[in-house]
Novice: 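What follows is a structure written as structure tokens; I'll ask about it next.
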Amino acid sequence: MQFKHITLRHLKMRLKHPFTTSFGTQQDKEFILVEIKNKDGISGWGESVAFTEPLYKEETVKTNWHIMEDFLIPLLFKEPINHPDEVSQRFAHIKGNYMAKSALEGAVWDLYAKEQGISLAKALGGEKEKIEVGISIGIQKSIDDLLKIIDQYVTEGYKRIKVKIKPGWDVQVIQQIREKFPSIQLMADANSAYTLDDVDHLAKLDDFNLMMIEQPLAHDDIIDHAALQARLKTPICLDESIHSVEDARKAIQLGSCKIINIKIGRVGGLTEAKKIHDLCKEKGIPVWCGGMLESGIGRAHNIALTTLPNFILPGDTAASSRYWEKDIIHPEVEVNNGEIIVPDGPGIGFEPNLEQIEEYTLYSKIFRP
Ligand code: OSB
Ligand code: MG
């Protein structure tokens, strides 16, 4: 592969509705879009999932820009890349900074698939022609508001409902959801809001037949999660704690979780995501693809990854229109009856909408070898 230049763009897109989790509320989504152009003028696209504040994990838009500009982009230009799997090896001595690495690696994967004339899903070894998705719903002003929103998405056909919880917005909320919707596939995501002192309280969630509880304890913990899992019937799913196939191996070995949420950005890219998928498949641990309120570019990558066979639980990849007045790809991501048809065009299979990208861009910079 021959890279002609790499463009980083800092975009800002307004969410249709503010999104509230245990760690804060987001109304505007700022992120870095990566475009890698080859000598033939073909572009690969990637998106960093880092937010402006280090509240979900440590990385931010600014730390990502710094790491890409000063370390990762020079490494990409240093020697030719023959296959996208080489990118993570090239970056391996740079510690952490998973989201920064993933944004560049994602663009290389898209470009590679386009050069081969195949879909990104196929390049990854994916098999499914359509994928099942659920929806993640933030904390609301009242339980009544939440019940109405759930009703709307259940009617639209989303295959499972995930709600955000935090201390003071948990057991009662889940109880009322279950009363109104006795048979939906339901789960809760705490985004690290609890500690082991809350074991008895969290154990009350066992009464509501949840598919899983996601990341109840600290963002970097796998020890206490193992202790908690031993006390809960409800399966624990790890999100924040898993950055690599090594993390996944240790968490599975310790019994810290029964399910893993794979986010491409959180694990440093598609190559590592595939490795985690493969390990979990071998160990009988179901996985699903998480979301980070991505634009259409990141969403397209999530769709491609989800075509791998062990993505057996519905992910968080909702329709473009759930987030944006106008997304930056065409066509936009559509969900019908909780399913997305996987595009079979080359690469991510969605065209970047350059005009729309331009409109959302605050700042951009081109890097050359
Ligand atoms: O923990 O999965 C999470 C959004 C922002 C930060 C963290 C998370 C989320 C979501 C939303 O749950 C998923 C999505 O709709 O993209
Ligand atoms: Mg989560």
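Counting starts at 1 for both ligands and their atoms, in listed order. Any value given below was found using the heavy atoms of this structure, including those in side chains, with hydrogens, waters and symmetry copies removed.
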Novice: Using distance alone, decide if ligand 1 has a nitrogen or oxygen within less than 3.5 Å of any nitrogen or oxygen in Asp189.
Specialist: yes
Novice: For Tyr98, what residues pass the ring-ring contact (aromatic ring centres under 6.0 Å, His included) criterion, not counting sequence neighbours?
Specialist: His243
Novice: Is the shortest N/O to N/O distance between Met292 and ligand 1 below 3.5 Å?
Specialist: yes
Novice: Heavy atom of Lys162 under 4.0 Å from ligand 1?
Specialist: yes
Novice: Check this for me - ligand 1, Asp239, N or O atoms closer than 3.5 angstrom, yes or no?
Specialist: yes
Novice: When the ring centroid of Phe311 is compared with that of His277, is the distance short of 6.0 Å?
Specialist: yes
Novice: So, regarding Leu293 and ligand 1 (criterion: nitrogen or oxygen to nitrogen or oxygen, under 3.5 Å), is there a contact or not?
Specialist: yes
Novice: Provide, to 0.1 Å, the distance between atom 4 (C) of ligand 1 and the closest protein heavy atom, together with that atom's residue and name.
Specialist: Phe19 CE2, 3.6 Å
Novice: Would you say Thr234 and Asp206 are linked by a side-chain donor-acceptor pair, where the criterion is simply a distance under 3.5 Å?
Specialist: yes
Novice: Name the closest protein heavy atom to atom 5 (C) of ligand 1, giving the residue it belongs to and the distance to 0.1 Å.
Specialist: Phe51 CZ, 3.6 Å
Novice: May I ask you to determine how many protein N/O/S atoms are under 2.8 Å from the Mg ion (ligand 2)?
Specialist: 3
Novice: Less than 3.5 Å apart, any donor N or O on the side chain of Asp239 or Tyr56 sitting next to an acceptor on the other?
Specialist: yes
Novice: Do we see a donor-acceptor contact under 3.5 Å between the side chains of Glu272 and Ser88?
Specialist: no
Novice: Can you sort out which atoms of ligand 1 are near Asp316, meaning under 4.0 Å from one of its heavy atoms?
Specialist: 12 (O), 13 (C), 14 (C), 15 (O)
Novice: Going by distance alone, is a donor N or O of one side chain under 3.5 Å from an acceptor N or O of the other, for Thr60 and Glu53?
Specialist: no
Novice: Could you verify whether a donor N or O on one side chain and an acceptor N or O on the other, from Lys4 and Asn38, lie under 3.5 Å apart?
Specialist: no
Novice: Non-hydrogen atoms of Arg322 versus ligand 1: any pair closer than 4.0 Å?
Specialist: no
Novice: Is there a heavy atom in Gln26 that sits closer than 4.0 Å to ligand 1?
Specialist: no
Novice: Do Ser48 and Asn64 get their side chains close enough for a donor-acceptor pair, meaning under 3.5 Å?
Specialist: yes
Novice: With a 4.5 Å limit on heavy-atom distance, are the side chains of Met292 and Phe31 in contact?
Specialist: no
Novice: Does some non-hydrogen atom of Thr21 fall short of 4.0 Å from ligand 1?
Specialist: no
Novice: Between ligand 1 and Tyr323, is the shortest N or O to N or O distance under 3.5 Å?
Specialist: yes
Novice: What do you reckon, are the aromatic ring centroids of Tyr363 and Trp65 less than 6.0 Å apart?
Specialist: yes
Novice: When you compare ligand 1 with Tyr56, is there at least one nitrogen or oxygen pair between them that comes in under 3.5 angstrom?
Specialist: no
Novice: Among Thr21, Thr20, Asp170, Asn191, which residue meets the side chain to side chain donor-acceptor pair (under 3.5 Å) test with Lys164?
Specialist: Asn191
Novice: Please confirm whether Arg299 comes within less than 3.5 Å of ligand 1 when only nitrogen or oxygen atoms on both sides are compared.
Specialist: no
Novice: Which ligand 1 atoms, with their elements, are less than 4.0 angstrom from a heavy-atom of Glu214?
Specialist: 2 (O)
Novice: Please list the nearest protein heavy atom to atom 1 (O) of ligand 1 with its residue and the distance rounded to 0.1 Å.
Specialist: Asn191 ND2, 2.8 Å
Novice: Determine, stepwise, if the pair Asp110 / Lys114 fulfils salt bridge (charged side-chain N to carboxylate O under 4.0 Å, His left out).
Specialist: CA-CA 6 Å; Asp110 179 32; Lys114 285 171 175 162; 2.8 Å; yes
Novice: Do you see a donor-acceptor pair shorter than 3.5 Å between the side chains of His10 and Glu30?
Specialist: yes
Novice: Numbering the atoms of ligand 1 from 1, which are under 4.0 Å from a heavy atom of Ser136?
Specialist: 10 (C), 11 (C), 12 (O), 13 (C)
Novice: Cut-off 3.5 Å, side chains only: do Glu127 and Thr307 have a donor facing an acceptor?
Specialist: no
Novice: Can you tell me which residue and heavy atom of the protein come closest to atom 13 (C) of ligand 1, and the distance to 0.1 Å?
Specialist: Gly291 O, 3.5 Å
Novice: Among all protein heavy atoms in this structure, tell me which lies nearest to atom 8 (C) of ligand 1, with the distance rounded to 0.1 Å.
Specialist: Lys164 NZ, 3.3 Å
Novice: Does Arg368 qualify as a cation-pi partner of Phe3, given the criterion of NZ or CZ under 6.0 Å from the six-membered ring centre and within 45 degrees of its axis?
Specialist: no
